[in-house]
Amino acid sequence: MQYSDTIGIPKTDSSRWRLRTTKLGAQKWEYLQSEEESKHDPQDNLTKYLLDDPAFVPPQITPNPRTVFETTKNAALFFQGVQDKSSGTWPVLYKGPMFMAIGYVACAYFTKMPIPDHEKKEIIRYLVNTAHPVDGGWGLHEIDKSTCFGTTINYVILRILGLPKEHPVCVKARNTLHKLGGAIGNPHWGKAWLAVLNLYKWEGVNPAPTELFALPYWTPIHPMKWWVHTRAIYIPLGYLSSAKIQCELDPLLEEIRSELFTQPFDKIKFADNRNKVCGVDLYYPHTALLNILNNCMVAYEKYLRPKWLLDYSNKKAYDLIIKELENTEHLGIAPVSAAFETIVLYIVQGAKGADYLRSFNRMKETLFLGKQGMTVMGTNGSQVWDCAFFIQYYFVAGLADLPEYHDAIVRSFEFLIRSQFDTDCAKGSFRDKRLGAWPFSTKEQGYTVSDCTAEAIKAILMVMNSKSFKDVYNLYDLSKLNDAIDVLLGLQNVGNFEFGSFSTYEKIKATPMLELINPAEVFGNIMVEYPYVECTDSSVLGLAYFHKNSNYRSQEIKTAIKRATDYIIHCQRPDGSWYGCWGICFTYAGMFALEALAEIDLNYSNSDTVRKGCDFLVSRQLPDGGWGESMKSCETHTYVSTQESLIVQTAWALIGLLLADYPDKPVLRRAVDLLVERQQRTGEWEFEYVEGVFNHSCAIEYPNYKFLFPIKALGLFVQKYGDESI
Ligand SMILES: CC(C)=CCC[C@@H](C)[C@H]1CC[C@@]2(C)C3=C(CC[C@]12C)[C@@]1(C)CC[C@H](O)C(C)(C)[C@@H]1CC3
């Protein structure tokens with residue numbers, strides 16, 4: 001029973017939903033319109049699992065396991081039982097950020113594209129179920145306090161989708177918004193969405209001039225040297241803000257205008273509030289430099305900007321959007337930029353424009369349904385990343401050679417093969433060579449990620465090295481991994497910035513000083529690429545595993561590994577920890593770093609770095625034998641424990657310690673016991689707490705982690721100490 005049920009919020013008939021997937025991993029929810037259709041097209045078991053339907057039939061496992069390995073096997077059986085067999089992936093609701101759905105809803109409203117009733121109902125239901133239980137607002141992410149940004153945009157969604165102003169959910173959220181000072185205190189992206197929807201005036205939004213994109217590339221601050229996400233957002237956002245595009249005003253928008261602010265809309269001096277950001281939202285305040293630049297830009301836009309230059313630079317921005325769509329099969333890199341892009345396409349091409357229609361349609365692949373309702377995910381999924389882990393961890397855990405796991409591994413292996421990039425990006429799109437690499441989600445999304453490439457290389461090789469998989473050797477031409485290695489080697493930072501490290505999508509191309517002009521206010525470290533210890537660790541693992549299997553670019557790989565591991569050692573904090581940016585937080589990074597160091601044979605007994613790393617983790621073990629780290633660690637850059645230990649983090653710590661050859665076995669056994677105790681009778685582990693993070697301030701769930709990491713941890717334990725009874 002969800003909260004929405006207790007207050008009578010309508011919902012769809014969950015038995016009518018079908019999850020359609022493609023061989024390339026695209027996932028789309030479809031709602032069957034009649035009982036009749038439903039009969040001919042029965043709902044599968046995976047969908048029932050995803051919707052928490054009691055009719056879900058869990059896979060057959062050994063009842064009452066007696067040993068650690070039996071426990072591991074049961075978990076492994078459960079997990080492969082919820083694989084989507086046709087694609088070889090694990091579709092899951094990749095949720096957490098609360099600022100994604102506004103893009104889809106605003107884009108549909110702006111372009112007058114109807115949102116079907118079943119989507120409307122479920123999006124409303126999701127928001128009702130995720131509203132803060134006390135004040136009814138929303139934050140930046142699902143476990144955040146209510147913020148002006150989260151509350152404003154999600155309130156606007158509810159209103160646009162038809163929840164009346166007087167509905168108690170709206171009343172409660174609105175009161176909270178007003179207590180936060182009203183929508184005037186929105187950060188830059190909030191203000192921008194409101195301005196696009198004509199619920200705010202562009203003069204109250206700091207400028208994002210497209211002229212930047214007309215600069216010659218050699219300028220050190222050229223936006224195409226920024227982090228891929230930031231530039232992908234600022235290209236269309238720049239277009240909309242430079243051209244001051246606004247949705248047609250209608251009676252509903254006029255009503256919403258009168259609800260969002262603490263003063264009448266017409267009395268607000270928007271221009272005076274460009275820099276006003278509600279205190280609870282602020283994570284990354286403006287620097288004095290940014291304020292000066294913004295003031296100059298405002299003056300420039302008002303008095304100096306020649307029309308021809310505006311047209312010229314907006315045309316440049318539009319061309320870049322078209323290239324982005326070409327490179328991503330119209331998906332765009334992620335939902336925020338995709339929504340802004342789709343509005344620009346509508347402006348330029350009109351309601352019948354082919355690119356607009358295709359982009360709008362593909363946005364639907366980021367919508368995902370769960371038991372709380374439907375929302376827009378952080379990306380179009382986490383398919384490649386999960387598959388690469390799945391294959392590797394079943395090998396590491398000693399499962400892959402057992403016949404019962406064979407077919408699931410083959411399906412994922414085939415998915416990874418299909419997902420390797422086999423084309424490069426369009427000329428003039430400022431993208432590096434990608435041929436041979438892998439993305440985080442799907443090949444169509446089109447963006448190389450360093451660690452995803454490295455983990456996929458390792459997974460592919462494990463299958464190709466195993467006698468048990470002789471039947472599929474012929475499916476893959478191993479020389480294609482050389483292309484992957486070329487891309488990966490090219491991603492290492494070997495210039496002035498953070499020598500030896502790896503970043504996410506590209507190498508660092510511009511100075512981190514650009515963070516001084518980070519305009520987003522709610523995120524840290526978004527302007528350029530940064531070195532990430534986890535990306536560096538995975539890259540070491542991929543390179544080292546490849547190196548053991550091939551002579552290709554052997555010397556260069558050796559050098560790259562040396563440089564990367566030196567970087568890992570160098571970026572350890574004095575207390576022995578590593579700060580993690582993509583998982584929570586020190587535990588996640590500790591695991592990856594210890595694994596990478598184990599790859600070059602550094603362990604507890606021969607390395608100070610490893611010893612300190614292990615001692616740090618062990619010092620955080622909770623009395624019940626597990627680990628638990630709070631999202632607060634990411635925000636404050638200081639280890640903050642949760643009260644209860646958590647299975648995913650217990651598994652992370654256990655993996656790190658096992659791979660580092662930590663000598664005190666009882667410490668490890670207690671963690672194993674905790675994982676065993678928490679396992680359900682079905683073989684699964686239940687969701688406990690969000691696992692991931694981005695940009696220091698936003699939490700995001702990785703629903704497959706609760707299977708992948710405990711399976712790896714338990715399997716490693718069994719490999720090392722034998723199969724102990726539980
Ligand atoms: C602030 C902005 C631009 C919001 C849009 C959301 C994206 C930036 C997020 C959503 C998912 C996300 C956290 C992701 C990553 C980058 C940023 C993403 C795409 C990467 C690929 C970075 C490298 C990481 O090791 C890992 C592979 C785990 C993640 C996966 C998800």
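Every number for a ligand or one of its atoms is a count from 1 in the order of the listing. This is a predicted model, so every value here is computed, not measured.
In this structure, the side chain of Thr230 engages the main chain of Ile526 through a donor-acceptor pair within 3.5 Å. Arg231 places a side-chain N or O within 3.5 Å of a backbone atom of Trp226 that can act as its donor or acceptor partner. Judged by distance alone, with hydrogens and angles left aside, the side-chain atoms of Glu534 form a donor-acceptor pair with the main-chain N or O of Trp582 at under 3.5 Å.
By the 6.0 Å and 45° rule, Arg431 stacks over the aromatic ring of Tyr447.
The pair Glu688-Lys706 does not meet the salt-bridge criterion, since no charged nitrogen lies less than 4.0 angstrom from a carboxylate oxygen.
Residues satisfying the side-chain contact (heavy atoms from CB on, under 4.5 Å) criterion with Leu282, sequence neighbours excluded, are Val277, Pro285, Glu521.
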Starting from the N and O atoms of ligand 1, find every protein N or O within less than 3.5 Å and list the pair with its distance.
residue, atom, partner, partner atom, Å
ligand 1, 25 (O), Asp451, OD2, 2.3

